[in-house]
Amino acid sequence: MDRTKPHPLKIAIATGRYFRPGETFVARHISELFEGNTVVVAGRQQCVPPDQKPAFIRRREAMNIRDLATSPWGLLRSRRHYSSYRIPFGRHRHKLTQFLTLHRVQAILCEFGSQGPPMVPIGAELGIPVFCYFRGKDATEALRRSRRVSAYRKMFAGLSGVFAVSRFLLDNLAELGLRHPNSFVVPSGVNVQTFRPREKEPKLIVSVGRFVEKKSPQITVEAFIRIANRHPDARLEMIGHGPLLNHCKKIVAGAGKTQQCIFHGQRDHRFIAERMGAAELFVQHSVTAKNGEAEGLPSAIQEAMACGTGILSTRHAGIPSVVEEGVNGMLVDEFDQAGFGKTLNRLLEDDDLRRSMSRAARQYAEQNFDYRDLYKIVETRIRTTVEDNRLRCSAIAA
């Protein structure tokens, strides 16, 4: 046994839904942080996870006769003290504290800002440090709601630390006075062994992500169609689903480009890794949605770079912090469809540039996105806080 290796802490991962297949980063935290020594506190159970952990499902526990009968008082008190109606109270709160105590939880990591307000009062009651991980919507669109900002203010006062996938998100929070002395930028990361370069298919372009407003897939499609006739050997493969999928299919069918633009729908990570690894270019036209929602640092861009795939994206959120123009990718302004198409055409015409971007993207990912290295940062920050708390309590007791 390695006596120099610290014993893994026991932590609780607080998330909205357990298990949500699209939230790979949350599932990986649950299974691998502190060697998987974790339990889960979730708002609801969505489906059966691959590795079942002890889980406290809040919605299920809140539906008891006693709490339902006193809910008007409990909700009003939550709103008054915490600017949120989601704070556990009554029997629900008692059972949650019992769960955390039974499993000897030493720290709580809240995935997304929305999970922080309900957990900070619980952590304070039990003397357990609480951390919050911001990833995108929770530090962009959510900040347009005054009640959420008020809840965040009270939450920040009780947090032991804050993580965010990009500096952009921390800056967004700071603009509203939401700062924490223990704030760290830690991307979600990627498994660089699973997502790796494969034999490249010339002029294969891949896009992976939900067909939603902030990823504006229709701009990607229209930009590709604009230059498709100049590159009949180029192919755009789009992986994902969402409300804009049918609209994009209609654009492609109307342009008669169904042979060059292929829609795979939602696929598993093995398929995504294979197609990303074979692609020479990854494209994603991220924009700020009308409701203010923006990316943090897209996981798909991290995965594509690990696959040695050059990036074509936008100057949006945390993307410019990792995509160096002309080195591992190219960027255009948000909503610049003409510029997106023009840059894509340039990349398809320059074989040497695509190859050099591929090498640089893989190198950057190996150095900056290996999730194992990033998890060590998260674990060190949490462990240091737990140890400091322990020493402080020992000093007080002495």
Exercise. Do Ile122 and Leu75 share a hydrophobic cluster, counting only Ile, Leu, Val, Met, Phe, Trp and Tyr and linking them when any side-chain heavy atoms are less than 4.5 Å apart?
Worked result: no
Exercise. For the side chain of Ser356 and the backbone of Leu353, is there at least one donor-acceptor N/O pair under 3.5 Å apart?
Worked result: yes
For this session: Answer yes if the side chains of Gln193 and Arg372 hold a donor-acceptor pair under 3.5 Å, and no otherwise.
Result: yes
Exercise. Do the two ring centres, one from Phe99 and one from His103, sit under 6.0 Å apart?
Worked result: yes
Exercise. For Arg145, does the CZ atom sit with more than 12 other heavy atoms under 6.0 Å from it, leaving out its own atoms?
Worked result: yes
Problem set entry | Contact summary for Gly310 and Met357, nearest pair of heavy atoms | CA-CE, 3.8 Å
For this session: Find the distance between CG (Leu348) and OG1 (Thr343) and round it off to the nearest 0.5 Å.
Result: 11.0 Å
For this session: Please check if the side chain of His285 supplies one atom and the backbone of Phe335 the other of a donor-acceptor pair under 3.5 Å.
Result: yes
For this session: Indicate whether any N or O donor in one side chain lies under 3.5 Å from an N or O acceptor in the other, for His269 and Thr24.
Result: yes
Problem set entry | Ile227 with Val206, same ILVMFWY side-chain cluster at under 4.5 Å | no
Problem set entry | Arg148 side chain to Ser114 backbone, donor-acceptor under 3.5 Å | no
For this session: Group every Ile, Leu, Val, Met, Phe, Trp and Tyr by side-chain heavy-atom contacts under 4.5 Å, then state whether Ile251 and Val212 land in the same group.
Result: no
For this session: Kindly give the heavy-atom pair with the smallest separation between Lys154 and Ser83, and that separation in Å.
Result: NZ-OG, 3.2 Å
Exercise. Rounded to the nearest 0.5 Å, what separation is found between the OG1 atom of Thr309 and the CE atom of Met276?
Worked result: 7.5 Å
Exercise. Would you call Glu111 and Arg135 a salt bridge, taking side-chain N to carboxylate O under 4.0 Å as the test?
Worked result: yes
For this session: Please answer whether the main-chain N or O of Leu159 pairs with a side-chain N or O of His180 as donor and acceptor at a distance below 3.5 Å.
Result: yes
For this session: Only one of Leu312, Leu236, Leu344 passes side-chain contact (heavy atoms from CB on, under 4.5 Å) with Thr220; say which it is.
Result: Leu236
For this session: Answer yes if Phe340 and Val208 sit in the same cluster of Ile, Leu, Val, Met, Phe, Trp and Tyr residues linked by side chain heavy atoms under 4.5 Å apart, and no otherwise.
Result: no
Problem set entry | Minimum side-chain heavy-atom gap Ser71-Phe89 below 4.5 Å | yes
Problem set entry | Option passing ring-ring contact (aromatic ring centres under 6.0 Å, His included) with Phe134 (candidates Tyr152, Phe163, Phe112) | Tyr152
For this session: Check step by step if side-chain contact (heavy atoms from CB on, under 4.5 Å) holds for Arg383 and Glu379.
Result: CA-CA 6 Å; Arg383 183 184 297 280; Glu379 290 175 353; 5.8 Å; no
Exercise. Just checking, any donor-acceptor pair under 3.5 angstrom between side chains of Asn345 and His231?
Worked result: yes
Exercise. Is it true that atom CZ of Arg28 has more than 12 heavy atoms of other residues, nucleotides or ligands lying nearer than 6.0 Å?
Worked result: yes
For this session: Please work out which of the three classes, parallel, tilted or perpendicular, describes the rings of Tyr133 and His29, given edges at 30° and 60°.
Result: tilted
Exercise. Any sub-3.5 Å donor-acceptor pair from Gln337's side-chain atoms to Ile219's backbone N or O?
Worked result: no
Exercise. Are any non-hydrogen side-chain atoms of Arg153 and Val149 less than 4.5 angstrom apart?
Worked result: yes
Problem set entry | From CD1 (Ile11) to CG (Leu33), nearest 0.5 Å | 5.0 Å
For this session: Keeping the roles fixed (side chain from Gln45, backbone from Cys47), state whether a donor-acceptor pair exists under 3.5 Å.
Result: yes
Exercise. Taking atom CG of Asp373 and atom CD of Gln367, what is their separation to the nearest 0.5 Å?
Worked result: 10.5 Å
For this session: Find the distance between OG (Ser78) and CH2 (Trp73) and round it off to the nearest 0.5 Å.
Result: 8.5 Å
For this session: Kindly say whether Gly308 contributes a backbone atom to a donor-acceptor pair with the side chain of Arg362 at under 3.5 angstrom?
Result: no
Pairs under 3.5 angstrom only: tabulate donor-acceptor contacts from the side chains of residues 292-307 to other protein residues two or more places apart or in another chain.
{"from": "Glu293", "atom 1": "OE2", "to": "Lys214", "atom 2": "NZ", "distance (Å)": "3.1"}
{"from": "Glu295", "atom 1": "OE1", "to": "Lys215", "atom 2": "NZ", "distance (Å)": "3.4"}
{"from": "Glu295", "atom 1": "OE2", "to": "Lys215", "atom 2": "NZ", "distance (Å)": "2.8"}
{"from": "Glu295", "atom 1": "OE2", "to": "Gln284", "atom 2": "NE2", "distance (Å)": "3.2"}
{"from": "Glu295", "atom 1": "OE2", "to": "Ser286", "atom 2": "OG", "distance (Å)": "3.2"}
{"from": "Gln302", "atom 1": "OE1", "to": "Gly189", "atom 2": "N", "distance (Å)": "2.9"}
{"from": "Gln302", "atom 1": "NE2", "to": "Leu297", "atom 2": "O", "distance (Å)": "3.3"}

For this session: Please name the pair of heavy atoms, one in Gln260 and one in Ala234, separated by the smallest distance, quoted to 0.1 Å.
Result: NE2-O, 3.0 Å
For this session: Applying side chain to side chain donor-acceptor pair (under 3.5 Å) between His241 and each of Gln266, Arg267, Arg210, report the one that passes.
Result: Gln266
Exercise. Any link between Ile239 and Val252 through a network of hydrophobic side chains (Ile, Leu, Val, Met, Phe, Trp, Tyr) touching at under 4.5 Å?
Worked result: no
Exercise. Does Asp350 reach the main-chain N or O of Arg346 with its side chain, forming a donor-acceptor pair under 3.5 Å?
Worked result: no
For this session: Search all heavy atoms of Ile377 against all heavy atoms of Val186 and return the closest pair with its distance.
Result: CG2-CG2, 4.0 Å
Problem set entry | Minimum side-chain heavy-atom gap Leu143-Leu178 below 4.5 Å | yes
Problem set entry | Min side-chain heavy-atom separation Ile30-Phe19 under 4.5 Å | no
For this session: In plain terms, say whether Arg275 and Glu201 are close enough for a salt bridge, that is, a side-chain N and a carboxylate O under 4.0 Å apart.
Result: yes
Exercise. Got a sec: does the CZ of Arg91 have more than 12 other heavy atoms crowding it under 6.0 Å?
Worked result: no
Problem set entry | Ala139 backbone acceptor or donor facing Asn172 side chain under 3.5 Å | yes
Exercise. Is Asp268 salt-bridged to Arg270, cutoff N-O under 4.0 Å?
Worked result: no
For this session: Side-chain contact test, heavy atoms from C-beta onward, threshold under 4.5 Å: evaluate it for Leu204 versus Lys200 and give yes or no.
Result: no
For this session: Determine the minimum heavy-atom distance between Met155 and Pro117, stating which atoms define it.
Result: SD-CD, 3.3 Å
Problem set entry | Over 12 foreign heavy atoms within 6.0 Å of NZ, Lys342 | no
Show me the donor-acceptor pairs, under 3.5 Å and distance only, between side chains in residues 327-334 and residues at least two apart or in other chains.
{"from": "Asn328", "atom 1": "OD1", "to": "Glu324", "atom 2": "N", "distance (Å)": "2.8"}
{"from": "Asn328", "atom 1": "ND2", "to": "Val322", "atom 2": "O", "distance (Å)": "3.2"}
{"from": "Asp333", "atom 1": "OD1", "to": "Arg315", "atom 2": "NH1", "distance (Å)": "2.8"}
{"from": "Glu334", "atom 1": "OE1", "to": "Thr288", "atom 2": "N", "distance (Å)": "2.8"}
{"from": "Glu334", "atom 1": "OE2", "to": "His316", "atom 2": "ND1", "distance (Å)": "2.9"}

For this session: Using the salt bridge (Lys or Arg N to Asp or Glu O under 4.0 Å) rule, take Arg226 and Glu222 through it: C-alpha gap first, then chi angles, then the decisive distance, then the call.
Result: CA-CA 6 Å; Arg226 181 186 291 250; Glu222 290 167 349; over 6 Å; no
Problem set entry | Side-chain donor or acceptor of Lys53 paired with backbone N/O of Gly36 under 3.5 Å | yes
For this session: Starting at CE of Met238, measure out to SG of Cys248 and round the result to the nearest 0.5 Å.
Result: 5.5 Å
Seminar exercise, completed: Closest heavy-atom pair, Pro8 versus Asn37, reported as atoms and distance to 0.1 Å, is O-ND2, 3.4 Å
Exercise. Is atom CD of Gln259 surrounded by more than 12 heavy atoms (other residues, nucleotides or ligands) closer than 6.0 Å?
Worked result: no
